[in-house]
Structures are given as structure tokens and as C-alpha cells.
Amino acid sequence: MPTASPKCVFVSAGESSGELYAAELVARLKRDWPATHWFGCAGPRMQAQGVEPVVDTASLAVVGIVEVVSHLPRIFGEYRKLLKEIRQRRPAFVILTDSPDFHLRLAAKVHAMGIPVIYLVAPQAWAWRQGRARQMSRTLTRLLCLFPFEETWYRQRGVAAEYIGHPLAKLVKPAESRQSWRARRGFVSTKPLVVLCPGSRVGEVGRHLATLVESTTRINETLPCQFALALPQGFRKRAGEQFFRERKIAGTIQVIEGETWDAMAHADLVLAASGTVTVEAALLGTPMVTYYKVTALSWLLGRWLVKVPHLTMVNLIAGRRVVPELMQNEMTAERLSAEALKLLTSQQASERMRRELEDVRAKLASEQDPMERAARIVKEFFDEQRTNH
């Protein structure tokens with residue numbers, strides 16, 4: 001007897017890492033629900049899983065408290081478009097992934113329509129804007145957490161939270177061997193390979209790139225290296241050639257799209273923008289230097305609101321400073337190159353960081369596949385809802 005399935009489900013992700021998780025969840029649910037129609041805010045991974053893109057994920061990818069202001073009219077337009085489709089199609093439930101500034105507002109409206117809301121990737125309300133938990137307890141039907149402490153924190157505040165584990169612990173791995181990938185990309189074994197990971201959004205890459213390029217020049221003056229700039233698939237097309245010309249990407253830096261996990265796995269060092277990519281580098285065991293820069297006003301507002309001792313997720317997971325954090329004014333070519341050279345010129349320092357990253361990896365490991373667990377929670381919720389009705 002075939003398993004009952006919802007007629008349609010709305011699913012939304014507002015940036016690259018969230019889109020990866022949402023696509024994985026849809027892939028697992030489709031095995032039991034082949035007839036369900038999926039629609040929402042979808043990027044290339046979700047679209048490959050058959051999600052109808054009412055809005056493209058790339059249109060919501062903006063970072064920074066102040067930076068988002070100039071994009072508000074466009075973002076609000078996308079928000080209204082999604083709400084209109086939800087109102088007209090009446091999905092059995094919605095799945096919202098990460099991007100809390102956008103999705104928690106959407107969740108409140110959807111809840112008011114009487115449609116259940118499942119939220120994948122708990123917002124870091126434990127770090128800043130703790131008052132969000134009160135709203136979430138009223139509007140979210142289920143909250144799926146990536147870190148074990150989040151479930152306890154949210155449940156104490158009345159949110160129906162469940163810990164699933166971190167999806168990246170099962171997903172992150174290179175597609176090619178070190179020898180094969182380096183040979184295909186033309187990297188030699190006699191020089192260290194440094195991979196630049198400035199982010200996935202055009203705005204954040206633009207803020208970081210000039211400083212990164214200058215730091216590669218400084219590194220080369222002390223230790224000849226090879227450099228790769230790892231970017232998401234399709235970034236060059238989105239940003240335009242002028243973007244690269246203005247930032248003077250030298251011929252010595254090879255631009256690589258859509259192979260970030262391979263690039264990081266087979267690098268000697270990663271210069272990583274603080275965010276999901278630092279967790280990916282940790283899972284791959286590659287030493288790194290982390291950094292981030294926003295506008296001065298966003299930085300001041302953010303530091304006033306943030307209540308955690310570290311700003312890089314790897315250090316938060318470890319509970320101590322495992323990797324360097326060069327934030328805002330500390331992110332200079334001089335500081336970046338100095339921290340990079342400490343790791344490139346000292347095998348002892350590099351190996352010590354690798355051991356500490358192994359501890360981080362162990363903390364993220366879980367016996368069960370997190371996305372399988374997420375899919376089971378969603379299916380159990382639907383079955384329960386159907387029985388009650």
C-alpha cells in the first residue's frame with residue numbers, strides 16, 4: 001500500500017549552505033513522496049531536485065545589518081511573491097531553511113494562515129537577539145537544530161526543537177583524489193597551495209577580495225606558493241567580468257567555480273571567510289585563517305548585539321580559539337599574510353591545528369545521517385497531522 005503524501009509542500013532557502021541542506025532534505029522526502037509537488041525559493045541544487053523556483057535563492061543573498069537596506073525593496077517584492085503563492089496553493093506545510101531575518105517574518109505570516117511551519121537550521125538566537133525565541137515558540141511547529149546544546153536552549157524557551165546533527169559532517173568530502181585534482185588543475189607538488197574562500201555572495205566577496213589579493217603578494221615574497229580562488233558555481237556570470245578586473249585578480253590566482261570542497265581538501269591552507277565554509281574546512285581537516293568584513297555601522301551594531309566569545313563557528317564549536325579570527329579592522333593584508341605564514345612555514349603549528357580540527361570534527365559527528373533524521377521527523381509530523389485531521 002503506497003504511503004500517503006502531501007499534495008504540495010513549500011520549501012525555501014535564502015543562501016548557499018541552506019540551499020544545500022534543503023535540497024538534501026527534499027531528495028530524501030521524494031523517495032517516499034514521489035507525487036508531491038515542491039515549490040518555493042530555490043537555487044540550482046533545489047531546482048535539480050525538482051523544486052519549482054517561484055523565487056531564486058540568489059535574490060535573497062545579502063549580508064550585513066546596514067548592507068541589506070538598499071536591497072529591501074527587491075527583497076520585500078520577493079517576500080510578497082512567495083506569500084501570494086503560499087496563500088493561493090495552500091501547501092500541507094512549509095519548510096524554511098536558515099536566513100532568519102527573512103524566514104522568521106515569513107513564518108509569522110504563514111502561521112497566521114493556519115499552515116504548519118517546519119524550520120531547518122536553528123537561528124543562532126543563543127548568540128544574539130535572544131528575544132526571537134519567544135516569537136519562534138508561537139509560530140514554529142518544529143525547529144530542527146544542528147548542534148546538541150541548541151535543542152535544550154530552545155526547549156527551555158518553549159520552542160518545539162529537535163537535534164538532528166550537522167548535515168555537513170556526512171556531506172563534506174572531496175570528489176577527486178589529491179593527486180588527480182591537483183594534476184587536472186595544474187598545481188605542482190613542490191609548492192604549497194593556498195585556497196582563498198571569500199564567501200558565496202557577490203557583496204561579501206567584493207569586500208574581501210582586494211585584501212586577499214594583496215595578502216597573496218605578501219605571502220609570495222616570503223614563501224613561493226600557488227593560489228586558487230574558490231567560488232560557487234556560476235559566480236563569475238552573476239558578478240560580471242568587470243568585478244574581477246576592478247579587483248585585479250592576478251594571473252597567479254586560478255579562479256575555480258563549483259569545486260570548493262576539493263580545493264579545500266587538497267590545499268595546504270585555506271583563507272576562509274567566517275561562516276559555513278570554516279566548518280567545511282574543519283571537517284576536511286585543512287588548517288585555516290578566518291576573517292570577515294562588513295560596513296563600519298553593521299560592525300558596531302553587530303558587536304553590540306552579539307553575546308558570544310568567538311565569532312567563527314569553528315571556535316564556538318571547539319569552545320576555544322582554534323583558528324585565527326581577523327575581523328573587520330583586523331582583516332588587513334599584513335595580518336592575513338602573517339597568520340598564513342605561521343602555518344605555512346611551521347609544520348608543528350600546522351599539525352597542531354589539524355589535531356584541534358579533528359576534535360571539532362568529532363563534536364559534529366553523529367551516528368545517524370542528520371538529513372535522514374530530518375526527513376523522518378517531517379514524515380512523522382505529516383502522518384500525525386493527517387491522523388489528527
Side-chain angles (χ1 to χ4, degrees), residues 1-13 18 21-42 46 49-52 54 82-100 102-123 125 132-146 148 150-165 167 366 368-389:
M1 183 177 176
T3 305
S5 61
K7 181 180 178 182
C8 73
V9 175
F10 174 92
V11 58
S12 177
Y21 307 149
E24 290 288 333
L25 179 55
V26 170
R28 284 158 173 77
L29 290 170
K30 282 178 68 177
R31 293 199 300 251
D32 289 325
W33 296 343
T36 299
H37 179 72
W38 303 83
F39 72 102
C41 180
M46 290 165 69
Q49 292 299 333
V51 180
E52 176 196 344
V54 174
L82 293 173
L83 275 177
K84 179 182 177 183
E85 291 297 322
I86 293 169
R87 194 173 286 113
Q88 288 180 346
R89 302 194 199 193
R90 302 292 302 183
F93 55 89
V94 308
I95 300 172
L96 308 178
T97 313
D98 213 352
S99 304
F102 184 83
H103 281 146
L104 289 180
R105 287 178 174 82
L106 192 65
K109 293 289 187 182
V110 172
H111 172 74
M113 295 179 203
I115 299 172
V117 179
I118 297 172
Y119 204 107
L120 174 62
V121 185
R132 279 178 161 173
R134 194 178 303 110
Q135 175 204 352
M136 293 163 69
S137 69
R138 294 193 300 265
T139 59
L140 304 187
T141 312
R142 295 284 190 283
L143 175 65
L144 308 184
C145 306
L146 306 193
E150 291 179 322
E151 179 181 302
T152 303
W153 191 90
Y154 274 109
R155 284 196 172 194
Q156 288 173 346
R157 288 156 180 81
V159 184
E162 294 196 48
Y163 168 62
I164 62 169
S366 58
Q368 186 180 359
D369 183 328
M371 299 317 297
E372 288 291 347
R373 176 159 173 71
R376 190 172 74 246
I377 290 169
V378 172
K379 286 183 285 188
E380 287 173 353
F381 161 74
F382 175 69
D383 289 341
E384 178 187 313
Q385 182 190 42
R386 191 165 55 89
T387 301
N388 290 341
H389 277 262

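Computed from a prediction, not measured in an experiment: that's the story for all the values here.
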- Task: Flag yes if more than 12 heavy atoms outside R90 fall under 6.0 Å of its CZ atom; otherwise flag no.
- Result: yes
- Item | Intermediate values then yes/no, side-chain contact (heavy atoms from CB on, under 4.5 Å), I118 and V94 | CA-CA 6 Å; I118 297 172; V94 308; over 6 Å; no
- Heavy atoms from other residues, nucleotides or ligands near NZ of K109 exceed 12 (cutoff 6.0 Å): no
- Item | N/O donor-acceptor pair under 3.5 Å between T36 side chain and P6 backbone | yes
- Message: How close do V11 and A22 get, counting heavy atoms only, and between which atoms?
- Response: CG2-CB, 4.2 Å
- Item | Donor-acceptor pair, side chain of H111 and main chain of R138, under 3.5 angstrom | yes
- Task: Flag the pair R132 / L104 as yes when at least one side-chain heavy-atom distance between them is below 4.5 Å, and no otherwise.
- Result: yes
- Message: Side chains of S12 and H103: any donor to acceptor distance under 3.5 Å?
- Response: yes
- Note on the structure: In this structure, CD of Q49 is separated from CD of E24 (nearest 0.5 Å) by 7.5 Å
- First locate atom CZ of F102, then atom SG of C41, and finally report the distance between them rounded to the nearest 0.5 Å. 6.0 Å
- Message: Using side-chain contact (heavy atoms from CB on, under 4.5 Å), reason through L143 and E151 one step at a time and then give a plain yes or no.
- Response: CA-CA 9 Å; L143 175 65; E151 179 181 302; over 6 Å; no
- Query: Taking side chain as C-beta onward, heavy atoms only, is L96 less than 4.5 Å from L140?
  - Reply: no
- Message: For F10 and F39, take the angle between the two ring planes, folded into 0 to 90°, and tell me which bin it lands in: parallel under 30, tilted 30 to 60, perpendicular over 60.
- Response: perpendicular
- Non-neighbouring partners of R157 that pass salt bridge (Lys or Arg N to Asp or Glu O under 4.0 Å), sequence neighbours left out: none
- Interatomic distance, L144 atom CG to Y154 atom OH [nearest 0.5 angstrom]: 12.0 Å
- Task: Starting at SG of C8, measure out to CD of E85 and round the result to the nearest 0.5 Å.
- Result: 10.5 Å
- Item | From I115 atom CD1 to F93 atom CZ, the distance as rounded to the nearest 0.5 Å | 11.5 Å
- Task: Salt-bridge test for R376 and E380: reply yes if a basic N is under 4.0 Å from a carboxylate O, no otherwise.
- Result: yes
- Message: Contact between K7 and H37 at the side-chain level, heavy atoms closer than 4.5 Å - yes or no?
- Response: no
- In terms of heavy-atom contacts, T97 and G18 come closest through CG2-O, 3.2 Å
- Apply salt bridge (Lys or Arg N to Asp or Glu O under 4.0 Å) to E52 and list each qualifying residue two or more places apart in sequence or on a separate chain. R89
- Test side-chain contact (heavy atoms from CB on, under 4.5 Å) applied to I164 and L146, step by step: CA-CA 6 Å; I164 62 169; L146 306 193; 4.0 Å; yes
- Give the minimum heavy-atom separation between G165 and S366, together with the two atoms involved. CA-OG, 4.4 Å
- Task: Would you check if K30 and W38 make a side-chain contact, meaning some heavy-atom pair closer than 4.5 Å?
- Result: yes
- Minimum-distance pair of heavy atoms, taken over all atoms of P116 and F381: CB-CZ, 3.3 Å
- Message: If I compare all heavy atoms of G40 with all of V51, which pair ends up nearest, and what's the gap?
- Response: N-CG1, 4.1 Å
- Which is it for V378 and L29 under the side-chain contact (heavy atoms from CB on, under 4.5 Å) test, yes or no, and what are the steps along the way? CA-CA 8 Å; V378 172; L29 290 170; 4.0 Å; yes
- Query: Nearest heavy-atom pair of E162 and I377: which atoms, and what distance?
  - Reply: OE1-CD1, 3.5 Å
- Message: Looking at R373 and Y163, would you say the former's side chain and the latter's main chain have a donor-acceptor pair under 3.5 Å?
- Response: yes
- Task: With rounding to the nearest 0.5 Å, note down the distance linking CH2 in W33 to NZ in K379.
- Result: 7.5 Å
- Sub-3.5 Å donor-acceptor pair from the side chain of R155 to the main-chain atoms of A161, do we have one? yes
- Y119: what forms a ring-ring contact (aromatic ring centres under 6.0 Å, His included) with it, not counting sequence neighbours? none
